[in-house]
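What follows is one structure encoded as structure tokens, with my remarks underneath.
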Number of protein chains: 2
Amino acid sequence: MERRRADIIAEELEERIFDGTFPDGARLDEVRLAEKFGVSRTPLREALQRLARSGLVELIPRRGAFVRQPGPVELMEMFEVMAEVEAVCGRLAAMRISDEALKDLHDANVKCQAAINALDPDTYYIENERFHRIIYQQSGNSFLASEASSLHRRLKPFRRQQLRLRGRMKQSMAEHEAILNALENGASEEAANALRGHVAIQGEKFHSLMATLKSAAE
Amino acid sequence: MERRRADIIAEELEERIFDGTFPDGARLDEVRLAEKFGVSRTPLREALQRLARSGLVELIPRRGAFVRQPGPVELMEMFEVMAEVEAVCGRLAAMRISDEALKDLHDANVKCQAAINALDPDTYYIENERFHRIIYQQSGNSFLASEASSLHRRLKPFRRQQLRLRGRMKQSMAEHEAILNALENGASEEAANALRGHVAIQGEKFHSLMATLKSAAE
DNA sequence: AATTCGATTTTTGTATACAAGAATATTGAC
DNA sequence: GTCAATATTCTTGTATACAAAAATCGAATT
């Protein structure tokens, strides 16, 4: 599958929005960005539309494209939905998961633990992501898995921050063990609740993180 | 909010895909459609991209745009997700719903029943939709409500068919009553289960409908 | 000095032009 | 007659050109 210029530009812009180069509310000027990327306005507009559909940019007719970072309220809402979606994945996966996938989950957990011991947050993050992605897939519903991945990806930059809170990685690890346990036992509701809690707590951590950042700024 | 030509074209094309004018796998020729709509290729390509994002069209680079009706498997998956999403909405709504919204739900049910008595499936459908939409909103999570609406909309053409099955409207009505009851009592899990079942059964009905259609065609 | 109306300038939305890759047809060999 | 290689045609992706709407700036009036 070949990639169009618009795809590459969309990715690049997404990155810039995530890393804060383009702050919330910033206007994305078509001509300026076009020459910055060395392309014409046509593929750039395509990229903007793609971003608009994934919610990162608001496209106001005859006005332009504006960066739309989700506010605290919307973020909390998204974390809540993420928690519920993961819970659903877990409930279905508990009934459908393969032995091989259980092995993979176990493996991911072992590597997570090793990363914690080695104080290696990057590896931790990668293996953590693998853990969750396996559960999405093992829901046996590829549409659900795809939706879950999409939301996961969208929350990525916000989830990452709260991993820095002290003790969070260790606690998260314990939660993973509980989730794996429930899945091994085919305990649907248990798996669902464990996953819901696991993700919901991330939302709450994020919330308190936001609060401290805000009060620090005042 | 003004509307661009691309918006209008996207809507029109969506309609044509839903009603079967453009069957599954059909190639959507840019130049032909452009002159058909009396516009240039530029806004038409925008419309195609929008449809691609909502999953109705597959955009293959350097190849073109092809209609992608969901197959039976994907449809079942989508119904399963819809059932789970509605269940989540119900669980949250049971904790958060307002008295006024409960009144509205009751009103929608009364009108649904009246429509059944009057053998008026169109009104039934409208009020049924209102019933569900209220629950989405009363989840108190506008992000969730929006996702639910989007999926609801996407499944619309498939849900409509199975309402014709005899006795379905009446049974659906009884399920609505149970859902309303659970919400009134603030019974989260009950509401969730009732809604999950209510929607899941639609998927199953649809499945059997598909099966009969398929065997009839052989 | 502030405000409002108007002209100018930007900037978006759309059309057209062009370039490159894919599909198709044609010709030649076996 | 079939297959393969090449030429031709089509179609997409991108650039540029143009039109219309919005923003900006300025002058005139109060």
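Letters A, B, ... mirror the listed sequences (proteins, then strands); counts begin at 1.
Heavy-atom distances to DNA chain C give each of R41(B) and E46(B) a nearest nucleotide, and the one nearer the 5′ end belongs to E46(B).
In this structure, CZ on R91(A) lies 14.0 Å from CD1 on I135(A), to the nearest 0.5 angstrom. Note that CZ of F131(B) is 7.0 Å distant from NE2 of H198(B), once rounded to the nearest 0.5 Å.
Atom-to-atom, CD of E30(A) to C1' of dT16(D) comes out at 14 Å; the value is rounded to the nearest Å. Rounded to an integer number of Å, the gap from L59(B) CG to dT11(D) C1' is 13 Å. Here dT11(D) presents its P atom at 16 Å from CD1 of I60(B), a figure rounded to the nearest Å. Across the protein-nucleic acid pair, R50(A) atom CZ and dG13(D) atom P stand 10 Å apart, rounded to whole Å. In this structure, CG of L33(B) is placed 12 Å from P of dT11(D), rounded to the nearest angstrom. Counting to the nearest Å, the C1' atom of dT11(C) and the CD atom of E35(A) are 14 Å from each other.
Residue R27(A) has a polar side-chain atom (N or O) positioned under 4.0 Å from OP1 or OP2 of dT12(C). At the phosphate of dT14(D), neither OP1 nor OP2 sits under 4.0 Å from any side-chain N or O atom of T42(A). For dA23(C), neither phosphate oxygen OP1 nor OP2 lies less than 4.0 angstrom from any side-chain nitrogen or oxygen of R62(B).
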For this session: Verify ring-ring contact (aromatic ring centres under 6.0 Å, His included) between H176(A) and H132(A), making sure each step is shown before the conclusion.
Result: CA-CA 9 Å; H176(A) 275 209; H132(A) 284 274; 5.3 Å; yes
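A donor N or O paired with an acceptor N or O is not found under 3.5 Å between the base of dG13(D) and the side-chain atoms of R63(B).
When L28(B), V57(B), I60(B) are each tested for a side-chain contact (heavy atoms from CB on, under 4.5 Å) with F66(B), only one passes: I60(B).
The P43(A) side chain lies nearest to dT14(D) when the options are dA15(C), dT12(C), dT14(D).
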